[in-house]
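Encoded as structure tokens, the structure appears first; notes follow it.
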Amino acid sequence: MIPTLGHVAVLVGLGLSLYAAVAYLLAGRRADARLAESGRQAVIGSFLAAFAGCVAMVISLLSHDFSVLYVAENNATTTPPFISAISLWAALEGSILFWTLLATGWATLVLYRHRDRHRALMPWVGATLASINVFFFAVMTWPGNPFTRTSPVAGEGLGPNALLQNNPFMALHPPLLYLGYTGLAVPFAFGIAALVTRRLDVEWLRIVRRWTIVPWIFLTLGIVAGAWWSYEVLGWGGYWAWDPVENAALLPWLTATAFVHSAMVAERRGGLRIWTSALVIATFVLTLVGTFLTRSGIVASVHSFTQSAIGPWFLAAILIALGGALTLLVWRLPDLVGGGRPAALLSRESAFLFNNVLFLVLTFAILFGTLLPLLVQTTSGGTISVGAPWFNAVNAPIFLALLFLMGIGPALPWGAASWSTLRDRFSMPVLIAAVVAAAVLALGIRDAASVATLALATMVAAVMADEFVRGTRARSRGRSEAPPQAAWRLASRNRRRYGGYTVHLGVLVMAVAIGISSGLSSDVTVTVAPGETARIGPYELRHERLVVEPLRDDPRVIETRAELTVSGPQSGPLTTALRDYPNSAAAIATPSVRTSLGEDLYVTLLASDATTGAVTLHLFVNPLVAWIWIGGAIVGLGAAFAIWPERRAVAVDAVEPSRRAVEPTVVAPSAERA
Amino acid sequence: MSRVTLRRIRWLLVPLLVVPLGWLLFTGFGRDPREVSSPLIGAPAPEWTLPTLDGGTLSSADLAGRPYIVNFWASWCIPACVDEHPVLASVHERQGEELQLVGVLYQDSAADAEAFLARYGDAGYPHVIDDAGRLAIDFGVTGPPETFFVDAGGIVRDKQFGPLTDALMADRLGAILAAAGP
């Protein structure tokens, strides 16, 4: 009964999305407000249908209804309710259902929010978003039906993927990522609407700023949460392996980041408009490519979804989206050419242009590395794999160059920078960076990437701190405010600028943490009998005993556990285990991570001998890893700060003379107060 | 180049981007990306001498002059190695002396392998213990089960990545049995 209702909900969603797409299309052509209104109702209806579908699936999972194939393959009678519920997104069909919920949710939110404004643009936004929803509902109607039934009904299901039931992070990482992916359809839809209607001025850019940054925050947090999950669960001591599924998330993130920057130039100076339109298209297409790569089974990935019939559907969608949007872009090229105010080589525009070029180079390099195995297989029939060393070697210099630009870009004025400005803003930071580089070298760190990262990060931080201090001082003097108050007001009334700086600060923290943790981590593999002690760095781990027993909350899972006592920093008992799940051929590592701000002690169990009780352990000391997660949080907070609605007082502030010295671009009161 | 040609040429941008991407992604369908092609095919099989599970020694030289199959397997490789086990056993029974089968233990202990054979049936062909993993490296094995088909002249003719089925076995055998003719 419930699964049938779920299936009906999908069909209703498909019908409503189709209607909405057609209604909006006609509304756009005829400028018919009533048709647009009915299109919006249909989009809201499709969201409710997707919601009903998800509820039906969650109920089926919670009640272990094995007549549904998806439930039989991803659930068992012993699965705890929490894991059952989040299994909604644990495998292919369910994840598409969940995806559709989010996609229709974003569409509803956007169309509702701007229901009375931007009458020329909105029908085309609605038509684009509704068409995307049609695709996802169609996938669920034909090749990827989540409510496919089985007969005869099995008495017991296979249970959820062992990796997914082993850690609660699974509840967090996919929703964040999907919120990012699906949300990036919104700026794409506005880009298409602007191209169709030829309203290629700043209107759409002002609207999409928030609609880009919010999904961007989710995508960022989703990627960081994924890295964290990989670190805490997979047991190999690292957090990023350039796996296709990781690259799939990173690619749209890179182009979205580039878009956020180029849109600023397009909005403020009228330049980079072709770039900006191309980037918003690329971002959306890459979210589809990423989904396709990981769900079609055409590239090998650690956690690719099972091979399925949805591959050709996704490929068709990619080609239609890319071909259609590109055709539109090429058609409108004459409208997009020119219009920018001239800028010198040393100006903020140029810095942003270089930033865009670097982001694109990164995107192509990563896309190339991800697709190269496929290309080689297709052209020569040979098999290659592109591993982390290649990605690191190719991407590290580009990341460092981006870091450098991050420091100078925001500190350069629009238009042209004079030599005295350069000297004034950069001589101290460069000097400080040189001192740091010398100090690091003197400490005996010779890893070139680590030294460069530290020096550049210092320079960028110094540039930002210098500007913030100058601004605070000017404000404090001009308005006789106490410095902390002046600092807060300066930041909260220039949210865009200082939110952006905070994001940059978070990136700096992550860059340093990644540079140091990858350059200076150490590891050792040891075999110890009970009573013996393993050592790494300042840590001593005494092997107390080996325990093999069923897990208390799920007796089908056998846990092989080494109980250890740590002495040294963070002393105390520690256990690390391997778990045998009935539906997994390989044992699942359950590493133990002792996190501190300075370094992590990371212990995995590799093997054990039940007769002697001896265990083989892989021990890692990973410095500064905690700062990667902290940096990720700072990035998210900074971006949220940047888009927080500004107070109306800004309008008064804008004419305040003391700000001119520090802030060359006066933030105009936004026309759009969403 | 005049502006007019430029205006026309810009339309080429669309097919230039869409067609190659579509073609590349399309060719990926229906392939297992984990399958690794072997440079060994058409080349002489690696030579080896290894201890057998029943305590003797077997060498590649002992097999010369007859086609043979080298099957890398492990007791922990479940269900793939269990699935293909009867396929190998039936070929051994059918072909008898005409074709030699050799099992190679891939990262497995002799005791576990014996337990596996006791449970799923021992067809009687020899299994060698590749403790150092040397032979697996020589053959370029990615993971069990993986099976190599060597003809009477000692040349590797084909390989199977993943479990064998009767149909796959018949197909692969053709390559070495045909070549075995006078």
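Lettering follows sequence order; numbering is per chain, from 1.
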So which atom in A:Val330 and which in B:Arg10 form the shortest heavy-atom distance, rounded to 0.1 Å?
O-NE, 2.7 Å

Tightest non-hydrogen contact, residues A:Leu374 and B:Leu24, listed as CD2-O, 3.6 Å

More than 12 non-hydrogen atoms from neighbouring residues, nucleotides or ligands closer than 6.0 Å to CD on A:Glu156, yes or no?
yes

For A:Trp331, I'd like to know if atom CH2 has over 12 heavy atoms of other residues, nucleotides or ligands within 6.0 Å.
no

Flag side-chain contact, heavy atom, 4.5 Å: A:Leu329 against B:Leu13
no

Interchain contact, A:Leu315 with chain B, by part (heavy-atom threshold 4.5 Å):
side chain

Spatial distance of atom CG (A:Leu319) from atom CH2 (B:Trp23) [nearest 0.5 Å]
14.0 Å

Would you compute the distance between atom CG of A:Leu322 and atom CG of B:Leu17 and round it to the nearest 0.5 angstrom?
6.0 Å

